[in-house]
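Contents: one structure, followed by commentary.
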Protein chains: 2
Amino acid sequence: MPRIRHKSLDCSPGCAVEATLELIDGKWKGVILYHLFHSTMRFNALRKILPNVTQRMLTMQLRELEEDGFIHREIYPQIPPKVEYSLTDFGRTLEPVVMALKRWGDEHTTFGAEKKKSPALETQGQHG
Amino acid sequence: MPRIRHKSLDCSPGCAVEATLELIDGKWKGVILYHLFHSTMRFNALRKILPNVTQRMLTMQLRELEEDGFIHREIYPQIPPKVEYSLTDFGRTLEPVVMALKRWGDEHTTFGAEKKKSPALETQGQHG
DNA sequence: CTGAATCCCCCACGATACTG
DNA sequence: CAGTATCGTGGGGGATTCAG
């Protein structure tokens, strides 16, 4: 069971919400998980689809996800090195959560507008 | 439609996930939303159930949630002041998301363990 | 190719005090 | 009761360099 890194959470009934958020929000973890749902990926493959994430951050986030038991890190001892990241069974339990996030984002933010038809929605200037 | 406050999000298909996270994660927003799903609440009522949140932060988070159209702020012009926070219809669209977070937290973190029977799970030391 | 180590800036956030 | 204003700080995270 993953541990909570940050603040002391009060234990009012809603704290489970924050607990989950703490685990999946650590900056880019959401997207990383999302992509790993589809397929195992190498480090550089993740870098490519996440151009705004620095190498350092990507490494750190992957390490935390690994610590929490969400992903598996498979190291192939060869030159050049090859490391593959994949979801664990436990990581897959997050699927409904991540998909709920994805679905809402698609419906209600301009970031889901890619798949839509009306360019009139693109009024947010978040593409540069 | 709410706007994204922080980083430039790449637009790989998973960005909708991060976009949603940005909006609901802003520190304690998740819990705030969770509690407002149940009932309209006054400022101090929220403070009481969120003892770890400073007054300043609570105010800021509520303001952001209001800006994003998730909650409504009803001011009663009277002495002493009375302000009630409630979810908007738009805010209620987040319900499946928040509930997915809640459910996962209940199942997989010690913060959901309050309602469970087996004390063997309480090995995390997050209660004090 | 994957990753660790170092430097350093910035601002999110806490603490505290004041107000209508 | 429900906020604002101000100040100080910790560490999150970017840029860069080194390494196997």
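This structure is a prediction, so every number in the text was calculated from the model and none was measured. Numbered from 1 within each chain, the chains take letters A, B, ... in sequence-line order.
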| said: Quick test of your reading: applying side-chain hydrogen bond (donor to acceptor under 3.5 Å, both in side chains), list the pairs with at least one residue in residues 74-88 of chain B, sequence neighbours left out, ordered by first then second residue. | reply: B:His72-B:Glu74, B:Arg73-B:Tyr85, B:Tyr76-B:Glu84

| task | To the nearest Å, give me how far apart CG (B:Leu62) and P (D:dC1) are. | result | 17 Å

| task | Provide, to the nearest angstrom, the distance between the CD atom belonging to A:Glu66 and the C1' atom belonging to C:dT2. | result | 13 Å

| Contact check, side chains of A:Val83 and A:Arg42, non-hydrogen atoms, under 4.5 Å | no

| query | So, is A:Arg42 close to the C:dC1 phosphate, meaning a side-chain N or O under 4.0 Å from OP1 or OP2? | reply | no

| said: Could you check whether any side-chain heavy atom of A:Val31 comes within less than 4.5 Å of a side-chain heavy atom of A:Ile49, counting everything from C-beta outward? | reply: no

| request: Using whole Å, report how far CD of A:Glu22 lies from C1' of D:dG12. | output: 13 Å

| remark: Per nearest nucleotide of DNA chain C, the residue lying toward the 5' end, A:Gln55 or B:Met60, is A:Gln55

| remark: On a heavy-atom basis, the closest approach of A:Arg92 and A:Phe37 is NH1-O, 3.6 Å

| message | Within the 4.5 Å heavy-atom criterion, are B:Leu36 and B:Leu65 side-chain neighbours or not? | response | no

| task | Indicate whether OP1 or OP2 belonging to D:dA5 is found under 4.0 Å from a side-chain N or O atom of B:Arg56. | result | no

| Contact class for A:Arg47 vs. all strands (heavy atom < 4.0 Å): base, sugar-phosphate, or nothing? | nothing

| Terminal axis angle for the helix from C:dC1-D:dG20 to C:dG20-D:dC1, five pairs an end, nearest 10 degrees | 50°

| task | Please list, chain by chain and in numerical order, all residues satisfying side-chain contact (heavy atoms from CB on, under 4.5 Å) with B:Arg47, sequence neighbours excluded. | result | B:Phe43, B:Asn44, B:Gln55, B:Leu58

| Rounded to whole angstrom units, what separation is found between the CG atom of B:Asn52 and the C1' atom of C:dA15? | 15 Å

| message | Considering every strand and a 4.0 Å limit on heavy-atom distances, what is the contact class for A:Tyr76: base, sugar-phosphate, or nothing? | response | nothing

| query | D:dG3 phosphate, OP1 or OP2: any side-chain N/O from B:Arg63 under 4.0 angstrom? | reply | yes

| field | Rounded distance (Å) that lies between atom P of C:dG20 and atom CD of B:Gln78 | value | 19 Å

| query | Do A:Ile75 and A:Met41 share a hydrophobic cluster, counting only Ile, Leu, Val, Met, Phe, Trp and Tyr and linking them when any side-chain heavy atoms are less than 4.5 Å apart? | reply | yes

| query | Can you tell me how far P of D:dG3 sits from CE of B:Met57, to the nearest Å? | reply | 15 Å

| task | Calculate the interatomic distance between B:Leu58 atom CG and C:dC13 atom P; express it in whole Å. | result | 13 Å

| Starting at CD of A:Glu84 and ending at C1' of C:dC1, how long is that distance when rounded to a whole Å? | 13 Å

| request: Starting from the 5' end of DNA chain D, give me the residue, A:Thr54 or B:Pro81, whose nearest nucleotide shows up first. | output: B:Pro81

